[in-house]
Amino acid sequence: MNVRTRFAPSPTGFMHVGNLRTALYAWLWARKNGGSFILRIEDTDQARLVEGAEETVYRTLKTAGMDWDEGPDVGGEYGPYVQSCRKNMYLPYAEQLVRSGHAYYCFCTKEELDERRAAVEAEGGAFKYDKHCLNMSREEVERRIAEGRPYVIRQNVPADGEASFDDAIFGHISVSCSELDDMILIKADGMPTYNFANVIDDHTMAITHVLRGMEYLSSTPKYNLLYDAFGWEKPTYVHLTTIMRDATHKLSKRDGDATFEDLIKLGYLPEAIINYLALVGWSPGDEREFFTMNELIQAFSLEGLSKSPAIFDHNKLRWMNAEYIRRMDAEAYIERALPELKTAGVGAMAETAEAKELFVRILQPRTEVFSDIAGIVDFLARLDEGYSVELFTNKKSRTNPEVCRSVLNAVIPMLEALPDWTENALHDSLLGFAEAAGMKNGTVLWPVRIAMSGRTVTPGGAIEIAALLGRNEALRRLKLGLSKLDAER
RNA sequence: GGCCCCGUGGUCAAGCGGUCAAGACACCGCCCUUUCACGGCGGUAACAGGAGUUCGAUUCUCCUCGGGGUCACCA
């Protein structure tokens with residue numbers, strides 16, 4: 001079988017990660033089977049169009065590493081790929097259903113319907129269209145159409161019997177026809193509804209596997225009535241579980257959950273996001289966790305798809321992103337980190353090859369997300385001189401104000417006399433002093449690092465920081481630290 | 001509310017009648033160490049509840065409970 005899958009977003013805004021995962025699974029399934037992945041834009045709701053949303057879809061898919069064989073921008077044999085451009089294709093199919101008795105014209109206005117709905121709901125009932133226009137004579141229908149009265153075309157759902165379909169992961173789903181409403185196929189503006197356009201498009205585009213969100217699970221039996229009415233072969237349905245923010249809320253842009261592009265801006269790597277996302281709701285069945293796109297294509301299977309919703313775990317995404325960052329080579333890392341260093345105001349410190357290497361060494365194992373960097377290194381650009389003298393006291397390093405004062409008093413002139421301000425020289429000098437003084441390394445290095453950073457937690461240690469700061473600034477900070485200690489006496 | 005779907009540690013998730021119920025994230029402890037991080041080692045922690053079926057249920061069935069979805073001229 002020539003597998004054809006599609007991703008059919010409506011251009012109503014940004015692409016959240018749930019959508020992206022749907023696209024990913026559809027893409028993987030097509031690629032795994034040597035089939036085609038089709039991009040289709042579902043813009044039948046003219047009121048909800050959002051400027052630029054289509055480009056966002058293209059951009060997101062591309063940076064996520066997915067390509068498409070057919071779509072609005074690349075064309076294809078089954079075009080057009082934008083539903084509004086296919087507008088004229090749907091009506092004939094709807095009329096065919098009218099002729100075969102599977103659909104009918106309806107002249108009830110939205111206002112009338114709202115009224116009836118309100119009345120029924122006021123009594124606690126669930127409104128269902130009452131087939132009010134079903135038995136209108138042909139002549140009457142034609143007369144009204146000739147008068148120019150607005151109308152819709154509705155599906156004529158049988159009064160009884162079962163509607164059902166088979167889902168690749170949920171199995172047989174069956175619902176009684178009496179539960180089903182006569183859904184609108186063609187709207188008053190002549191546009192098809194999503195429900196109808198979907199059936200027509202999936203069929204005319206020869207889609208073999210429909211991967212889409214869970215929210216369509218309960219309406220799919222209705223679609224199948226349509227397939228049966230046309231006598232068409234049904235695609236394989238694969239309904240994907242929802243990605244949740246927590247146990248009771250799904251992820252949504254509206255509630256401030258990050259979109260794919262938000263995550264990219266925050267400094268997440270596309271490969272890490274995709275890798276993580278693939279694992280939310282799908283398992284390869286073994287213990288592997290790291291996948292390249294090609295490995296995902298190999299490993300992907302419908303059987304590995306989960307039936308229950310999954311909560312999006314930012315924590316784990318962060319961890320996975322950190323893993324990807326650690327695996328970058330130094331060159332790629334510094335290229336990505338440099339802009340962050342610049343915004344932190346330490347770009348000038350990262351100009352030489354040695355300095356770059358040093359930054360990579362201290363930063364790469366500590367970077368979970370690139371946007372973290374600025375906050376980690378900003379102290380290098382500017383010392384917050386108001387730091388508390390209490391920072392000098394650290395039990396594990398066996399320091400107290402008295403010890404720190406004497407260390408700094410000894411170390412400042414020693415470093416001033418250092419011929420070369422290099423990591424090696426600083427290392428030998430500082431550790432040599434510790435040994436000579438019979439102190440733990442930490443006892444010497446702690447006050448030096450605190451004075452130079454004003455922080456208890458820093459990337460790298462005293463030696464690295466001193467090297468980065470350079471002789472003048474490092475000594476200035478050491479002297480400042482000493483004077484703070486003296487002032488406390 | 002009707003209908004549909006789901007229910008293994010805090011989270012992801014393996015399991016598909018017989019397991020001491022994997023693994024990962026997070027958390028905790030220890031080691032390494034120039035703080036933190038990285039790395040190494042170890043630990044806490046789960047089959048929602050109740051009936052069945054069966055020699056035997058996490059696994060099959062039913063009920064309860066919990067959660068989600070859906071009931072638009074939105075997709």
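Here is how names work: the chains are called A, B, and so on, in the same order as the sequence lines, proteins then strands, and each is numbered from 1. Just the heavy atoms: all of them, side chains too, but no hydrogens, waters or symmetry mates, feed the values below.
Base-pair partner of B:G9: not found among the strands shown (Watson-Crick or G-U wobble, both distances under 3.5 Å). Judged by Watson-Crick or G-U wobble contacts below 3.5 Å, the nucleotide B:C36 has no partner. B:G56 is unpaired under the criterion used here, namely a Watson-Crick or G-U wobble arrangement in which both key atom distances are under 3.5 Å. Of all nucleotides present, none satisfies the Watson-Crick or G-U wobble test against B:G17 with each distance under 3.5 Å. Using Watson-Crick or G-U wobble geometry with both donor-acceptor distances under 3.5 Å, B:G1 finds its partner in B:C71. Across all strands shown, the partner of B:C27 is B:G43, judged by Watson-Crick or G-U wobble contacts whose two distances both fall under 3.5 Å. The partner of B:A51 is B:U61, judged by Watson-Crick or G-U wobble contacts that both fall below 3.5 Å.
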Could you go through the side chain to side chain donor-acceptor pair (under 3.5 Å) check for A:D202 and A:Y223 one step at a time?
-> CA-CA 11 Å; A:D202 284 340; A:Y223 302 162; over 6 Å; no
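Separation of the C1' atoms belonging to B:G9 and B:A48 is 13 Å when rounded to the nearest angstrom. Of the C1' atoms belonging to B:A57 and B:U19, the separation is 13 Å, rounded to the nearest Å. With P as the reference atom, B:U11 and B:C71 are 29 Å apart, rounded to whole Å. On the C1' atoms, B:U8 is 4 Å away from B:C47, given to the nearest whole Å. Remark: the separation of the C1' atoms in B:G50 and B:C73 is 47 Å, to the nearest Å. Rounded to whole Å, the C1' atom of B:A24 lies 15 Å from the corresponding atom of B:A46. Across the C1' atoms, B:G43 and B:C5 are found 38 Å apart, a figure rounded to whole Å. The separation of B:G7 from B:C60, taken at their P atoms, amounts to 9 Å, rounded to a whole angstrom.
Aromatic pair A:F312/A:H314: ring centres closer than 6.0 Å. Ring pair A:F7/A:Y25: centre-to-centre distance not below 6.0 Å.
Relative to the ring axis of A:Y105, A:R144 does not place its NZ or CZ within 45° and under 6.0 Å from the centre. In this structure, A:K187 forms no cation-pi arrangement with A:F196, as its terminal cationic atom is not both closer than 6.0 Å to the ring centre and no more than 45° off the ring axis.
Residue-level contact check: A:A462 touches the bases, meaning some heavy atom is under 4.0 Å from a base atom. Contacts of A:G281 with the nucleic acid, taken as non-hydrogen atoms under 4.0 Å apart, involve only primed sugar atoms and P, OP1 or OP2. Here A:S176 lies out of heavy-atom contact (under 4.0 Å) with every strand.
Distance A:K396 NZ to B:C30 P: 10 Å, rounded to the nearest Å. Regarding A:I465, its CD1 atom lies at a distance of 13 Å from the P atom of B:C36, rounded to whole Å. Remark: C1' of B:U34 and CG of A:N424 are 15 Å apart, rounded to the nearest angstrom. The nearest whole Å value for the distance from the CG atom in A:D286 to the P atom in B:C12 is 19 Å. The interatomic distance linking A:F290 (CZ) with B:G23 (C1') rounds to 13 Å, in whole Å. Straight-line distance from the CZ atom of A:F392 to the C1' atom of B:U35: 13 Å, rounded to whole Å. Here the P atom of nucleotide B:U11 and the CG atom of A:L279 are 17 Å apart, to the nearest Å. When the P atom of B:U35 is taken as reference, atom OH of A:Y387 falls 19 Å away, rounded to whole Å.
Nearest-nucleotide assignment on RNA chain B puts the 5′-proximal partner with A:S283, out of A:S283 and A:T456. Each of A:E303 and A:G442 has a nearest nucleotide on RNA chain B; the 5'-most of these lies closest to A:E303.
Of all the residues in residues 311-318 of chain A, A:I311, A:D313, A:N315, A:K316 reach under 4.0 Å from RNA chain B with at least one non-hydrogen atom.
Which of B:U34, B:A26, B:U33 sits closest to the side chain of A:W319 comes down to B:A26. Which of B:U35, B:U34, B:C6 sits closest to the side chain of A:F170 comes down to B:C6.
Proximity of a side-chain donor or acceptor of A:S174 to a complementary backbone N or O of A:S164 within less than 3.5 Å is not detected. A:E435 places no side-chain N or O within 3.5 Å of a backbone atom of A:G432 that could act as its donor or acceptor partner.
Taken from OG in A:S371 to CG in A:L263, the straight-line distance is 10.0 Å, to the nearest 0.5 Å. A distance of 13.0 Å separates CG in A:L478 from CZ in A:R449, rounded to the nearest 0.5 Å. The CD atom of A:E215 lies 10.5 Å from the OG1 atom of A:T241; values are rounded to the nearest 0.5 Å.
Between A:Y227 and A:H203, the ring-plane angle classifies as perpendicular under the 30° and 60° cut-offs. Using cut-offs of 30° and 60° for the angle between ring planes, the A:F165 and A:H239 rings count as perpendicular.
Side-chain atoms of A:R449 come within donor-acceptor range of the base of B:U35, with a qualifying N/O pair under 3.5 Å.
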What pairs of nitrogen or oxygen atoms, one from the protein and one from nucleotides 37-48 of chain B, lie under 3.5 Å apart?
{"from": "B:A37", "atom 1": "O2'", "to": "A:P365", "atom 2": "O", "distance (Å)": "3.1"}

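A salt bridge is defined here as a Lys NZ or Arg NE, NH1 or NH2 lying under 4.0 Å from an Asp or Glu carboxylate O, and A:R327 with A:E271 fails to meet this definition. In this structure, A:D130 pairs ionically with A:R116, as a charged nitrogen and a carboxylate oxygen lie closer than 4.0 Å.
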Tell me, for nucleotides 65-75 of chain B in 5' to 3' order, what letter each nucleotide earns: B for a base near a protein heavy atom under 4.0 Å, S for only sugar-phosphate near one, - for neither?
-> --SSSS-SBBB
